[in-house]
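Below is one structure, written out as structure tokens; comments come after it.
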Protein chains: 2
Amino acid sequence: MVRAVPDTHGEILAAAARQFTVSGYRGTSLQDIAREVGCSKATVLYHFANKEALLAELMAPAIAVLRNLDDQLNGLTGAAAQEVAAQGFVDLAVRFRQEIAVLRGEFPELLCQPAFAHIQEISDRLRDALAGHSDRPGARIAALVLLAGISEACAEFADIPDDELRLGLLTLARRAVEPVDAPLPHPPTTEDKDS
Amino acid sequence: MVRAVPDTHGEILAAAARQFTVSGYRGTSLQDIAREVGCSKATVLYHFANKEALLAELMAPAIAVLRNLDDQLNGLTGAAAQEVAAQGFVDLAVRFRQEIAVLRGEFPELLCQPAFAHIQEISDRLRDALAGHSDRPGARIAALVLLAGISEACAEFADIPDDELRLGLLTLARRAVEPVDAPLPHPPTTEDKDS
DNA sequence: CTTCCATCTGACCGATCGGTCAGGGTCTGA
DNA sequence: TCAGACCCTGACCGATCGGTCAGATGGAAG
């Protein structure tokens with residue numbers, strides 16, 4: 001039987017993901033990560049150039065998917081853009097629950113780091129697509145509330161299975177986005193509880 | 001004209017609010033605050049027992065309103081609870097935009113501090129009310145997305161006037177909450193409600 | 001003038017942070 | 001056998017953090 005090769009690199013990555021999720025990037029020290037892995041802080045810095053590189057490697061897959069979604073959105077307008085943005089972001093957020101949880105709330109500072117260049121612009125475009133490229137306050141508000149809320153929900157609802165969470169979020173998103181393409185004379189207000 | 005009494009205490013409070021909003025609680029040092037005020041770090045700690053006390057005083061009014069909302073929610077069920085929760089929280093979030101922005105993303109750790117005791121339980125009850133006290137995943141998801149998203153929107157949309165933001169958020173909330181199966185015991189009372 | 005008190009400060013403290021470095025094991029292939 | 005690559009470590013570094021403390025300042029009261 002093959003001697004189990006100790007995958008220290010991977011263990012550090014996993015431990016960092018857990019710690020970042022619980023305490024945030026800032027709130028987690030390299031010492032904390034090393035302690036959980038059971039190695040020295042110097043070992044962590046042997047496998048990763050610095051703390052930022054550790055975070056970057058952790059986030060790379062999620063960022064790649066986000067970039068991909070950004071490409072799909074390119075050229076789409078109106079309700080089509082809204083639907084693709086909603087579906088794409090819900091998928092992404094559910095799939096990368098942990099990564100989302102890590103970044104939660106530490107965006108403003110983290111986005112300055114080179115590893116996350118252009119993430120701000122991408123999420124701005126995503127938000128814009130979800131608003132149906134409308135600049136009406138109602139549409140902008142709905143888009144931001146959805147993006148932020150979906151992120152938070154994915155980070156928080158660890159007890160809900162992926163499929164159920166994805167379905168719930170997508171249903172909500174479709175119900176909540178401000179309709180733009182075919183503006184109805186009087187949108188279906190919920191004056192009566194019929195569906 | 002009266003010699004302007006230097007309200008150092010208030011200036012520190014205001015500077016802290018600005019800095020916390022931009023860089024977060026953790027990301028702001030007492031030195032940063034002192035620098036903005038134009039005094040020494042020791043002066044900051046002369047007016048406030050410690051960093052936590054500074055935050056607590058900053059948050060006190062918002063927390064009082066939140067507690068008040070929690071009381072109003074007590075006993076309400078179904079659609080009535082949803083409406084009161086939505087309206088109350090939107091009002092609160094818009095009114096205390098800055099405070100919301102400060103707490104954004106630093107909840108998990110900050111809630112451990114004694115100054116914020118029971119805030120977690122209160123916001124859990126608020127979320128539960130917004131879900132119409134249903135434990136269906138769809139209802140729970142909608143409630144969390146709304147609470148988190150509304151907070152984020154208030155922190156972010158500094159360019160939208162209060163009234164417009166409040167209207168947009170409330171409209172979205174009413175559109176997005178999952179309708180509860182059990183309708184109101186009695187239809188909305190015709191008194192004080194002017195909606 | 002002296003006393004008192006509120007305000008404010010520079011110097012300092014211990015703790016912790018991210019990061020560096022020289023060197024010690026261990027395995028492998030020549 | 002031995003050189004060298006790889007993995008890992010303790011000791012250490014400078015910076016910064018929140019917080020303490022003795023003392024300077026200055027105005028009001030006696």
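Residue numbering restarts at 1 for every chain, and letters A, B, ... go by the order of the sequence lines. Computed from a predicted structure; not experimentally measured.
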- Item | DNA chain C-proximal residues of residues 20-41 of chain B, any heavy atom under 4.0 Å |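 Only Cys39(B), Ser40(B) qualify.
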- With Gln82(B) via side chain to side chain donor-acceptor pair (under 3.5 Å) - residues at least two apart: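 Partners of Gln82(B) under the side chain to side chain donor-acceptor pair (under 3.5 Å) test: none.
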- Item | Salt bridge Asp91(B)-Arg166(B), side-chain N to carboxylate O under 4.0 Å |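 The answer is yes: the pair qualifies as a salt bridge.
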- Message: Please determine whether a side-chain nitrogen of the Lys or Arg among Arg35(A) and Asp32(A) lies less than 4.0 Å from a carboxylate oxygen of the Asp or Glu.
- Response: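 The answer is yes: the pair qualifies as a salt bridge.
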- Which nucleotide in the set dG18(D), dC21(D), dT20(C) lies at the smallest distance from any side-chain heavy atom of Lys51(B)?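 Out of dG18(D), dC21(D), dT20(C), the nucleotide with an atom closest to Lys51(B)'s side chain is dG18(D).
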- Message: What's the closest nucleotide to the side chain of Ala42(A) if the choices are dG19(D), dG10(D), dT9(C)?
- Response: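 Nearest to the side-chain atoms of Ala42(A), counting from C-beta on, is dG10(D).
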- Do Leu69(A) and Leu76(A) sit in the same hydrophobic cluster, where Ile, Leu, Val, Met, Phe, Trp and Tyr count as joined when their side-chain heavy atoms come under 4.5 Å apart?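 Result: yes, single cluster for both.
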It should be established whether [X] places a side-chain nitrogen or oxygen under 4.0 Å from OP1 or OP2 of nucleotide [N].
X	N	result
His47(A)	dC8(D)	yes
Thr8(B)	dC8(C)	yes
Tyr46(B)	dT7(C)	yes

- CD1 on Ile12(A) to CD1 on Ile33(A), rounded to 0.5 Å: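 The CD1 atom of Ile12(A) is 8.5 Å from CD1 of Ile33(A), to the nearest 0.5 Å.
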Distance check needed: [N] [atom2] versus [X] [atom1], whole Å only.
X	N	atom1	atom2	result
Ile12(A)	dC7(D)	CD1	P	11 Å
Asp7(A)	dC8(D)	CG	C1'	15 Å
Leu45(A)	dG10(D)	CG	C1'	14 Å
Leu54(B)	dG19(D)	CG	P	10 Å

- Query: If you take all heavy atoms of Ala85(A) and Ala129(A), which pair is closest and at what distance?
  - Reply: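 In terms of heavy atoms, the two residues are closest at CB-CB, 4.0 Å.
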